[in-house]
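Read through the structure below, which is laid out as C-alpha cells, and then see the notes.
Letters A, B, ... are given to chains in the order of the sequence lines, protein chains preceding strands, and every chain is numbered from 1. Just so it is clear, the model here is predicted, and its values are computed rather than measured.
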Amino acid sequence: MPRPFTPKVVTANRLLEGDAVWRTVTGDWSPRLSDAELIEDARTAELRLLEAAAEAHLVVGAYLADATKAETGPKPTHFREAFRTRGPSNYAHGKQADIQEKT
Amino acid sequence: MYHYNDFDEAFVRERVTQFRAQVERRIDGSLTEDEFKPLRLMNGLYLQLHAYMLRVAIPYGTLNSAQMRQLAMIAERWDKGYGHFTTRQNIQFNWPRLRDVPDMLDALADVGMHAIQTSGNTIRNVTADHFAGAAADEIADPRPVAELLRQWSTDHPQFQFLPRKFKIAVSGSRHDRAVTRAHDIGLEIVEKDGEIGYRVIVGGGLGRTPMIGKVLRDFLPQADLLPYTEAVVSVWNLLGRRDNKYKSRIKITVHEHGIEEISRLVEEEFQQIRPGFAGFDRGLLSHIEHFFAAPAFSEKSAAPYDEAYQTDPVFRSWADTNLTEHRHPNHAIVTVSLKKHGATPGDASAEQMRVLADLAEHYGHDELRISHEQNVILPHVHKGDLPAIHDALKASDLATANIGLVSDIIACPGMDYCALATARSIPIAQQIATRFDELKLEHDIGALKIKISGCINACGHHHVGHIGILGLDRAGLENYQVTLGGDHTETAAIGERAGPGFSADEIIPAIERLVMGYLDLREGRDETFLEAYRRLGPAPFKALLYPEAKANAA
C-alpha cells in the first residue's frame, strides 16, 4: 500500500552560492523555508519538482522535503531540514547570521 | 620537501584552466548538472548542506610555511576565515562560491597545491605518518614513496573510473601512525637482512563494512613498488563490483574472492606488467628522495628547555603531552592541538595558520604536517626553542596540552556541514571535551582515543577509536551508537558495538560513566583504557554504559 502523502516543500541549493533555498507559490526561490509553498497532494508535488528541475540554471539537486503547516508558513519536520534553515551549530555562520527567519 | 617541476606546474595550471571553462559552461547552461558534477568532483568541489565545499589535498600531510600562509589567504579571501583539517590530511573550505573556485585553485597552484582526486572514484590523496622524517622509531621516510604514488596515480588513465574510491597510506615506522590497516592499500616500510622493502596490506577499510587489511606480500622489494601497486589496483579495477556501491571497495573483493585468489591474480598481472617498468620509476624515486633529505639539525644548547621544564608547570604539562621523541636527541616533534576544549576538532583560523607558518619558518626548518588526527605538527624543533614556541602558541590559543587524551577527539564535520551525514558529530566532540575539562581529570585518565563519525561512512574513524561514537538518525532523532575496543595502530582492531544507541542528551553522561568507571577498573595509572578493555573484555564496560540493564538482570 502506498504511504499516505505528507505535506512537502520543494527545496534545493543555489547554483552560484550553494546555499539552501525553497520554492515559493510564485515560483521564486527563497532563502526562507517559511516562504515556501506547502504542497498538500502528491500530483502537485510531482509537478512542482518537474518545474524546479527545469530551473537548473538557478538551483542544484531539487527535492521534496517534509514540512508542516504553521502560522508563519511551513516548518521543518526533520532535524536535517531544520539545520538547513539555520546553518552549522559550531559557528554563527550561514542563514542564522545572514537572514532573519519569521517568528 | 617536494617542489613542482615544470611538468607538474603546467599540468596543474592546465587543470585549473579547464575547470574555469567548465564552471563557465555550467553557469551559461551549456553543461547540465549531471554533466558538471563529475567534473567538479574530480577537482574536489562538493555541494554540501549549506554551501559548496572545496577539499584540497595536502599530500602525505606535508606543508611548508608559504603553503600554510596561502591556505590562510584563501580562507580569508574566499571563505569565512578558517579551514577544517580532515582525517585524511586534507583541508576543507566550507563556504566557497562557485565562481570563486577557479581562482582558489589558481591560488593553490601558486604554491604547488591542488584539489585533484580528492573526490570521485579515483586514487585519493596518499596519506603518510605525520611524524615522517622525524620519528625516533623510523626505518625510512615514507614520503618519497607517497610522492611517487601521487605522481603515478594523478590522472593515471587506467584509474579514472574505478569501481569506487581508493585510498593508500604509507608508514615508515614500527609504530603505525598512518592507519595503514584501514586503507585499501597500506604500505609499511620494513627492513629484511639490511634491505628496505614494503609489507603490502590490502583490503582494509572502515565505513559500512569495517575490515582490517590483510597482508598480501610480507616483503616487496623496493624496485617492484609501482608495478606491484599497479597490479593490485588493476586486478580490483576488473574484479571490483560496479553493480552495488556498498560492495565495490577492494575490501569486499578480497573478502569475496579470498586473499589467496587475489594474491594469485595480482602476481599474474604483476609478471605481465613488470617489464613495462624499465627503471624510470626507480630513477624517479631516488630523484624524489633528494627533496626529503633531513635538515641540518642544530647542536646548540637545550638549556632553555630544561629551565622552562623545571620552573613552568604549564610548559611542563604541555611538554609532557604534546612532544614526541625526535630521531635527533636535541630535537623534539611538536604536536599543536587543534582541539582546544569546546572548539571544533581540526579547525584553524587564518590567523592561527599564519602563526603556525611563522613558527615553522623560524624554528622548524619550514616544515609543517597535518595529522589524520586533525592536529598540526612541527616535526623538527630544537628543544632550546620550545619555550619560545610555547609562548607563541599560548598567545594564539594553540597551546592546549591534550594530545592523545580524552579531549583530543577526531570528529568528522557531521550534519553541521556534510550532505551525507545522519547526525551531528562536532557538538558531541565539543561537549565531551568541555565536560572532561571541567572534571580536571584528563591527565589522570591518560591515553584515550575517542573518534566520532556522523554517518556510517566513518570519516571520523569511529570503528578504530578506543571509544567510537556513530551518529545515526533513529526515527527522526539524532542517536549515538558506542563501539568499544577499537585500535588504529599496528595492533589494529575494529571496535565492538556496546548496545543500543543514546540520544544526544544521553551520550555525554554515558561517556562520562564509561571513562570514570574505567578509572575504578584499571590496575594502575599505567593501564590504559584499551589495555583494561583487552584484559577485562566488554562486560564491565557495557555495565557502565547501561546500568539499568545490569540492575534489571540482578
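Here the straight-line distance linking atom CG of B:L98 with atom CZ of A:R14 works out to 13.5 Å at 0.5 Å rounding. Residue B:R97 holds its CZ atom at 11.0 Å from CG of A:D19, rounded to the nearest 0.5 Å. Expressed to the nearest 0.5 Å, how far CZ of B:R99 lies from CG of A:L16 amounts to 5.0 Å.
Most heavy-atom pairs under 4.5 Å with chain A: of the set B:I27, B:T32, B:L47, this distinction falls to B:L47. Top candidate by heavy-atom pairs under 4.5 Å with chain B, chosen from A:G94, A:A20, A:G87, is A:G87. Interface check for chain A: of the options B:K37, B:E33, B:Q430, the most heavy-atom pairs under 4.5 Å are formed by B:E33.
Under the 3.5 Å distance criterion, the side-chain polar atoms of A:N13 are matched with a main-chain donor or acceptor of B:L49. At distances below 3.5 Å, at least one donor-acceptor pair connects side-chain atoms of B:Y52 with backbone N or O atoms of A:L15. In this structure, A:R80 contributes its side chain and B:A419 its backbone to a donor-acceptor pair below 3.5 Å. No donor-acceptor pair closer than 3.5 Å links the side chain of A:N90 to the backbone N or O of B:T344.
When heavy atoms are compared at a cutoff of 4.5 Å, B:F36 does not approach chain A at all. Neither the backbone nor the side chain of B:P413 comes within less than 4.5 Å of any heavy atom in chain A. Only the backbone of A:V59 comes within less than 4.5 Å of a heavy atom in chain B; its side chain stays farther off. Proximity to chain A (any heavy atom under 4.5 Å) is restricted, for B:Q48, to the backbone atoms N, CA, C and O.
In this structure the side chain of B:K80 never reaches within 4.5 angstrom of the side chain of A:Y91, judged on heavy atoms. Contact check for B:M415 versus A:F79: side-chain heavy atoms found under the 4.5 Å cut-off.
Aromatic ring centres of B:Y417 and A:H93: separated by at least 6.0 Å.
When the shell of 6.0 Å around CD of B:E438 is examined, it contains more than 12 heavy atoms from other residues, nucleotides or ligands. Shown here is A:E46, whose CD atom has no more than 12 heavy atoms of other residues, nucleotides or ligands within 6.0 Å.
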